[in-house]
Amino acid sequence: TMVTGVIKKKMEGKQFGFIAVEGQDRDVFFHADKVTDPAGFDGLNEGDKVSFETQEDNQGRKNAINVTKAA
């Protein structure tokens, strides 16, 4: 299921960031290697609207996968 959110914080040098989702208290973590947008990680900026799917890590936290700019 695709979810929509906004890139809240992007850590350039570390290749990861966080996506804010309306109605959710916790931001969703994403890593550069989970970005599927043609522009890549570098093409995404804070404030951009993105769509993604979530996957739980081994500690039960939701991480974003298949991150791409929302239309």
Side-chain angles (χ1 to χ4, degrees):
T1 310
M2 293 300 271
V3 183
T4 307
V6 173
I7 295 180
K8 183 176 179 179
K9 186 123 185 87
K10 187 177 160 196
M11 310 298 283
E12 295 289 347
K14 297 193 170 110
Q15 299 286 291
F16 70 85
F18 296 92
I19 301 167
V21 178
E22 201 173 315
Q24 285 187 19
D25 294 341
R26 205 173 267 206
D27 297 335
V28 182
F29 173 88
F30 76 100
H31 193 271
D33 64 9
K34 301 299 182 195
V35 173
T36 52
D37 192 83
F41 181 77
D42 292 335
L44 298 176
N45 299 297
E46 289 178 7
D48 283 353
K49 194 172 183 182
V50 291
S51 337
F52 60 95
E53 293 174 276
T54 57
Q55 171 179 296
E56 274 196 11
D57 68 12
N58 54 11
Q59 284 145 7
R61 291 180 300 221
K62 281 186 180 170
N63 293 334
I65 57 169
N66 299 327
V67 181
T68 186
K69 273 189 193 171

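Starting from 1, each residue takes its place in the sequence as its number.
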### Query
Is there a donor-acceptor pair under 3.5 Å between the side chain of Lys8 and the backbone N or O of Asp27?
no
Distance from [X] atom [atom1] to [Y] atom [atom2], nearest 0.5 Å?
X	Y	atom1	atom2	answer
Lys34	Phe52	NZ	CZ	14.5 Å
Asp48	Ile7	CG	CD1	5.5 Å
Thr68	Glu53	OG1	CD	11.0 Å

### Query
Among the clusters formed by ILVMFWY side chains lying less than 4.5 Å apart, do Val21 and Phe30 turn up in the same one?
yes
### Task
Examine Phe16 and Val35 and state if one hydrophobic cluster contains both, with Ile, Leu, Val, Met, Phe, Trp and Tyr joined whenever side-chain heavy atoms are less than 4.5 Å apart.
no
### Task
Could you tell me whether Glu12 atom CD has more than 12 heavy atoms of other residues or ligands within 6.0 Å of it?
yes
Which atom names give the shortest non-hydrogen contact between [X] and [Y], and what distance separates them?
X	Y	result
Lys69	Asp37	N-OD1, 3.0 Å
Ala64	Ile19	CB-CD1, 4.0 Å
Lys10	Phe41	NZ-O, 2.9 Å

#### Entry: Within residues 56-65 or reaching into it, pairs that qualify as side-chain hydrogen bond (donor to acceptor under 3.5 Å, both in side chains) - sequence neighbours excluded
Asp57-Arg61, Gln59-Arg61
### Query
Using the ring of each side chain (for Trp, its six-membered ring), is His31 parallel, tilted or perpendicular to Phe29, with breaks at 30° and 60°?
tilted
